[in-house]
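Down below is the structure, laid out as structure tokens.
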Amino acid sequence: MGGQVITQASGVLLTVVWSGVVSFVLFKLIDMTMGLRVSEEEERQGLDTASHGERAYSM
């Protein structure tokens, strides 16, 4: 019984590490090619206005 628990725990740990490494590599690739964030000015304007040219609410 203990051997099975160790096998499953190591499988879970390997999956978590693999997912973390692959996610980190993909985030870095995307950051180098197109960036992960919008500019500060677009963020101040609002993403609806900056990205789509639309306003959700008239205030």
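These numbers come from the heavy atoms of this one structure, side chains and all, not from hydrogens, waters or symmetry mates. Keep in mind the model is a prediction, meaning the values are calculated, not measured.
- Scanning both residues, Thr7 and Ser10, for their nearest heavy atoms gives O-OG, 2.9 Å.
- The residue from Met32, Met34, Lys28 that alone fulfils the side-chain contact (heavy atoms from CB on, under 4.5 Å) condition with Ile30 is Met34.
- Contacts of Glu40 classified as side chain to side chain donor-acceptor pair (under 3.5 Å), with partners at least two apart in sequence or in another chain: Arg44.
- Residue pairs meeting the side-chain hydrogen bond (donor to acceptor under 3.5 Å, both in side chains) criterion with at least one partner in residues 29-39, sequence neighbours excluded, are Arg37-Glu43.
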